[in-house]
Amino acid sequence: MRAIRRFTVRPLLPPTLAALGELAANLRWSWHPETQDVFAAVDPELWESSGHDPVQLLGEVPAQRWEQLAADEGFVRRLGEVRADLEAYLTQPRWYQRVSGGREDVAWPRQIAYFSPEFGITAVLPQYSGGLGILAGDHLKAASDLGVPIIGVGLLYRHGYFKQSLSREGWQQETYPVLDPDGLPISLLHEADGSRATISLSLPGGPDLVARIWVASVGRVPMLMLDTDVEGNPEHYVDITDRLYGGNSEHRLRQEILLGVGGVRAIRAYCRITGAPEPEVFHTNEGHAGFLGIERIRELTVGESGPRLDLDTAIEVGRASTVFTTHTPVPAGIDRFPETLVEQYFGDAGPTPGVPVERVRALGAEDFEGGDATVFNMAVMGFRLAQRANGVSLLHGRVSRGMFSGLWPAFDEAEVPITSITNGVHAPTWVAREVIALATAHGADAESDDTEGFWAAVDKVPAGELWSTKRALRSRLVEDARQRLCRSWEERGAARAELGWIDSALDPDVLTIGFARRVPSYKRLTLMLRDPERLRSLLLHPERPVQLVIAGKSHPADDGGKKLIQELVRFADAEDVRHRIVFLPNYDIAMAQPLYPGCDVWLNNPLRPYEACGTSGMKAALNGGLNLSILDGWWDEWFDGENGWAIPSADGLDDADRRDDLEAAALYDLIEHEVAPRFYDLDHDGVPVRWVEMLRHTFKSLGPKVLATRMVSDYVRQLYAPAAGNARALNSDYAGARALAQWKARVRASWTGVRVEHVEAHDLGDAPLVGAPMTVRSYVALGDLSPSDVEVQLVSGRVDSEDVLVDPAITVLQPTESYDGGRHRYDAEVGLARSGPFGYTVRVVPAHPLLVAPAELGVVTVA
Ligand SMILES: *Cc1c(COP(=O)(O)O)cnc(C)c1O
């Protein structure tokens, strides 16, 4: 019999144990082992069977157990300590408060809003599909640890992403269990009068869409999640928050309108109800939340909380306070909609009345060379609505500047205003407790801001101790993998009696290589199968065997990815190798946490440069895993020759098959000749001394860099604080914003009158020597503009054989004389800094104190 309705009854805890409810309600438990210990002590078996889910645990503990615990002084004392620790964590000043010191001149924002379509915080809140969501979760957690005032905004998907299992034939199966919000660590936002807080927005041809707002507490950070499962919504509205990345274009567009437009409204409601400061900066993690910019323009043009602004002024205000992070260099990964669909949704009856549909359309138009006129591009809108934008590693920043250079056609790629901040990972979530304990036992302070000091402590850990810890972590992975394998085979229809071999699958003393990630084609799950015999011989090597632990979900609509999984599973099913290579279904946070620490080597072999950053290798490194990777994403930046291995990439090659052959061969060679020999080169105590040296170096060189706290503090200093500064300059009475919008319009309209009429260089003989001074004089016509509207620049440096300037330096010329008719003389002196072919030119770019980059207006005049 099926129930017609379900709900979860929350337990009534005895008063002495009420703190358990508080601990369960704040997700800080998910990265705080001492709090997890308390939950485990409530009922060790239930803690395991619940999958470490405090809400479920507390709901299932029998009443007599509560009586026992309430009478257990030791337990009550520990509970009190952990609760006090949480209280201190939530209220005491942290890095942000210490560094900004409450000083107004530092201009650090009072609040930041962080939008993302997915958040991976813990396995018990499965609202993520992969790296983008994990990153968003780590961003919020690190912001909490640093005391950065941030509010997360996302959707609550009723089915999350999906659960992966395998058919007998190794084909991916998807299931979508219903998540009961009442059983999740979240609570509904209520108005002061006790009613449910909701937001609504109009969609064409239907009633208003209503959504309720769930709040998850991520340490100090509230995370708002919108949910359309509300009585009164028609069925097709209820379905908007059904699952992550499912459905057709229209479904996705509705989700993104809810996230962007509804998300801003949810923040307004949250701040109104709780008194939290309104955000000064809006950060959109990937383009999916881009409609937040349209909603903010609407707010400003209707004068929701101030004077009514004209559209152009509103755009300036919105842009100044918006940060856009792009996450993919894979063209197919860019979020695009049919233009007609956007037109239909943003017409008069749409969610943002007052913002003309032509303007919305223009913001996402691919009106540049190579663009598709029938498409609305969310990334393009992201760049146009954010004054500050970044990629997620140095290499990805560079690739993005090339990829989107069409938006700034007058400028060289190097000047495309997209910077980069390399991703990081949240150490308390991802580093095995045993690793932290090793360092702290030898003097490291896990609470200190000095992360280099923390990781330097690994030098004091004796090699034998490090190695035995690593073995323990490997054993734990082996245990976990066997259990997963067993469950998987049962689901695939095997009888228990057939599964005896699993008891000895994988070996805690064999070199363990991990490979786990989503399965889009560019990540090349099956590169290792390029030469199956070669792989087999590595796995079965008599003295130096390796074992592979592999996992990954394919998007449900991607049959290509599912084929790759099947190919791999079939290889791993073979009797001769199945004890050395395993595919574990349903990669998620719960699997990932023991996986990284258990691996000796973390393998990554994407097609360069399609891995924007990659973060799993960072998690491995923090757990004493050595990276074996193509030089892509973060590894291109931080591989130093000693902290792992670089698989040579044949990225100049057009022949994809040949490229795979070459890169796979290089991978096999590295494993056979470098990795395995070093791992098995043991001293008389059984410790691989040179391997352990590499581990120490990995901890010390990468430990401080790959942290999410480093990433978030970079965002604060390089993007959030400057954005808040500009936003304040524009917001105070909007006069600054009006002036900026009018200035831009005037400069654009008058730019045709700007010309470089004549350039002369003095003091140069026929063959000038290095260090010689060069005086440049330039006559420039500015038409209706004045010298304060522009900057005249000398662009000089090395030239290639086509006379193209390579990495040129920019020197500002000073106005020295003005003549009738809007003509001006500009001078500068430079030293010839290098020998060899040298060239220069003079150009005029718009200049205004509130511009971030000269390319922002897209206009330039070159001599
Ligand atoms: C870290 C992580 C990812 C992202 O890994 P990449 O290397 O960036 O692809 C995906 N899924 C889970 C569960 C993770 O923990």
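Read the numbers this way: they start at 1 and go in the same order the structure lists the ligands and their atoms. Throughout, residue positions are numbered sequentially from 1 according to the sequence presented.
- Residues Asp145 and Tyr89 bring a donor and an acceptor atom of their side chains to less than 3.5 Å of each other.
- Of the heavy atoms in Lys619, only side-chain atoms (C-beta onward) come closer than 4.0 Å to ligand 1.
- Ring pair His283/Tyr715 is tilted by interplanar angle, where 30° to 60° counts as tilted.
- Side chain to side chain, Ser616 and Trp602 meet the donor-acceptor criterion of an N or O pair below 3.5 Å.
- Only side-chain heavy atoms of Lys523 come within less than 4.0 Å of ligand 1; its backbone N, CA, C and O stay farther off.
- Counting heavy atoms closer than 4.0 Å to ligand 1, residue Thr615 contributes atoms from both its backbone and its side chain.
- Taking every non-hydrogen atom of Trp430 and a distance limit under 4.0 Å, the qualifying atoms of ligand 1 come out as 15 (O).
- The closest non-hydrogen atom to atom 6 (P) of ligand 1, taken over Ser616, Gly633, Ala123, comes from Ser616.
- We find that Arg678 and Glu674 are not joined by a salt bridge, their nearest charged nitrogen and carboxylate oxygen being 4.0 Å or further apart.
- Taking the six-membered ring where the residue is Trp, His426 and Trp31 present perpendicular rings, their angle passing 60° and hence far from 30°.
- The option from Gly131, Ala590, Ala516 that lies nearest to atom 4 (C) of ligand 1, judged by heavy atoms, is Gly131.
- Of the heavy atoms in Asp588, only backbone atoms (N, CA, C, O) come closer than 4.0 Å to ligand 1.
- For ligand 1, the atoms sitting less than 4.0 Å from at least one non-hydrogen atom of Tyr596 are 1 (C), 2 (C), 14 (C), 15 (O), numbered in the order shown with element in parentheses.
- Classification of the His288-Tyr245 ring pair by plane angle, with boundaries at 30° and 60°, yields tilted.
- Looking at heavy atoms from C-beta onward, Phe571 lies out of side-chain contact with Leu548 at the 4.5 angstrom threshold.
- Within ligand 1, the atoms closer than 4.0 Å to a non-hydrogen atom of Gly614 are 8 (O), numbered from 1 in the order shown.
- Ring geometry for Trp635 against Phe639 counts as tilted: the plane angle lies between 30° and 60°, on a 0 to 90° scale.
- Proximity to Arg517 (heavy-atom distance under 4.0 Å) selects the following atoms of ligand 1: 9 (O).
- Residue contacts with ligand 1, taken as heavy atom pairs separated by less than 4.0 Å, involve Ala592 solely via side-chain atoms from C-beta onward.
- Nearest protein heavy-atom neighbour of atom 11 (N) of ligand 1: Tyr587 CE2, 3.3 Å.
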